Amino acid sequence: QVRLVESGGGLVQTGGSLRLSCAASGHVFSSLTMAWFRQAPGKEREFVGGISWMSLFKSYADSMEGRCTVARDNAKNTFELQMNNPEAEDTAVYYCAATFGQRASASTADYDYWGQGTQVTVSS
């Protein structure tokens with residue numbers, strides 16, 4: 001069993017920056033491919049970005065390309081999301097997800113483990 005706990009959410013100003021962290025436990029973290037998803041009110045959960053278990057591959061949603069960076073620290077069992085210049089449309093609950101797949105998929109069905117989510121509200 002893998003346990004994922006997100007942190008770093010809250011109120012963020014437009015034009016600032018956002019950093020979320022996901023702490024993993026319960027399995028060898030380095031063997032997990034990790035991803036961030038988000039879900040806004042009334043919308044489906046959508047892929048933000050992910051990184052493969054060996055950090056060989058990173059992938060981002062088209063809308064996130066150039067604004068977001070994902071990174072992992074296998075020594076600390078942590079996975080992070082950095083977003084620059086957040087906008088009001090980035091307001092959502094952000095979820096950390098894990099899979100034993102080799103690459104980060106954009107489909108929620110491909111992930112076996114999920115965190116409880118952390119609320120991010122972007123306001124001017």
Side-chain angles (χ1 to χ4, degrees):
Q1 189 70 17
V2 175
R3 183 168 182 256
L4 304 173
V5 179
E6 301 96 338
S7 61
L11 183 63
V12 183
Q13 288 191 328
T14 55
S17 64
L18 167 68
R19 183 186 293 272
L20 302 178
S21 184
C22 174
S25 61
H27 197 279
V28 178
F29 178 70
S30 59
S31 65
L32 296 169
T33 286
M34 304 297 297
W36 288 99
F37 284 77
R38 68 183 185 181
Q39 188 166 19
K43 295 187 177 181
E44 294 186 353
R45 194 169 296 189
E46 65 175 357
F47 177 73
V48 176
I51 187 168
S52 65
W53 63 288
M54 287 291 288
S55 300
L56 294 177
F57 304 106
K58 292 184 181 180
S59 57
Y60 299 94
D62 289 343
S63 61
M64 296 292 118
E65 196 75 51
R67 290 203 303 134
C68 287
T69 302
V70 295
R72 66 188 298 157
D73 186 333
N74 288 345
K76 296 181 179 179
N77 290 0
T78 58
F79 172 56
E80 292 192 343
L81 170 69
Q82 172 81 32
M83 180 186 296
N84 297 320
N85 298 316
E87 303 168 352
E89 292 73 25
D90 295 314
T91 295
V93 177
Y94 284 72
Y95 296 91
C96 175
T99 177
F100 292 108
Q102 293 191 352
R103 293 198 184 203
S105 164
S107 172
T108 58
D110 291 335
Y111 292 83
D112 304 296
Y113 304 100
W114 293 86
Q116 81 288 350
T118 185
Q119 175 70 48
V120 172
T121 302
V122 183
S123 174
S124 57

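Owing to the predicted nature of the structure, the values given are computational and were not obtained by experimental measurement. Each residue takes its place number in the sequence, starting with 1. Only heavy atoms go into these numbers, but all of them, side chains included; no hydrogens, no water, no symmetry mates.
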Subject >> Over all atoms of both residues, closest heavy-atom pair of Q116 and V5 >> reply: OE1-CA, 3.9 Å

Original post:
Ignoring hydrogens and geometry, is there a side-chain-to-backbone donor-acceptor pair from R72 to S52 under 3.5 Å?
Top reply: yes

Original post:
In terms of side-chain heavy atoms, does D110 have a donor or acceptor partner in S105 at a distance below 3.5 Å?
Top reply: yes

Original post:
Between the main-chain N or O of G101 and the side-chain N or O of T33, is there a donor-acceptor pair closer than 3.5 Å?
Top reply: yes

Subject >> Derivation and outcome, side-chain contact (heavy atoms from CB on, under 4.5 Å), residues S30 and W53 >> reply: CA-CA 6 Å; S30 59; W53 63 288; 5.8 Å; no

Subject >> Donor-acceptor pair, side chain of E87 and main chain of T14, under 3.5 angstrom >> reply: no

Subject >> Rounded distance (nearest 0.5 Å) linking atom OG1 of T121 with atom CG of L18 >> reply: 10.5 Å

Subject >> Gap between atom OG of S63 and atom CG of D90 - 0.5 Å precision >> reply: 8.0 Å

Subject >> Residue pair V28 / S31: nearest heavy atoms and the distance that separates them >> reply: O-OG, 2.7 Å

**OP:** Could you name each residue pair satisfying ring pair (Phe, Tyr, Trp, His ring centres under 6.0 Å) that touches residues 56-79, not counting sequence neighbours?
**Re:** W36-F79

**OP:** Give me the other members of the hydrophobic cluster that W114 sits in, counting Ile, Leu, Val, Met, Phe, Trp and Tyr linked by side-chain heavy atoms under 4.5 Å, directly or via other members.
**Re:** F37, F47, V93, Y95, Y111

Original post:
Among all residues two or more places apart in sequence or in another chain, which pass the side-chain contact (heavy atoms from CB on, under 4.5 Å) test with S7?
Top reply: S21

Subject >> The single option from C68, C22, C96 passing side chain to side chain contact (heavy atoms under 4.5 Å, CB included) against L81 >> reply: C68

Subject >> Heavy-atom side-chain contact between E46 and R38 under 4.5 Å >> reply: yes

Subject >> Derivation of the side-chain contact (heavy atoms from CB on, under 4.5 Å) call for D112 and V2 >> reply: CA-CA 9 Å; D112 304 296; V2 175; over 6 Å; no

Subject >> Smallest separation among heavy atoms of G16 and P86, with atom names >> reply: O-CD, 3.1 Å

Original post:
Taking the side chain as C-beta and beyond, is there a heavy-atom pair between Y94 and E6 under 4.5 Å?
Top reply: no

**OP:** Apply side-chain contact (heavy atoms from CB on, under 4.5 Å) to V12 and M83, showing your working.
**Re:** CA-CA 11 Å; V12 183; M83 180 186 296; over 6 Å; no

Original post:
What residue among T99, V70, L4 forms side chain to side chain contact (heavy atoms under 4.5 Å, CB included) with M34?
Top reply: L4

Original post:
Does a salt bridge link R19 with E80, judged by any charged N lying under 4.0 Å from a carboxylate O?
Top reply: yes

Original post:
Heavy-atom count around R45 CZ within 6.0 Å, excluding the residue itself: above 12?
Top reply: yes

**OP:** Evaluate the criterion side-chain contact (heavy atoms from CB on, under 4.5 Å) for residue pair Q82 and N84; output intermediate values, then yes/no.
**Re:** CA-CA 7 Å; Q82 172 81 32; N84 297 320; 3.4 Å; yes

Subject >> Atom CD of Q13: over 12 foreign heavy atoms under 6.0 Å >> reply: no

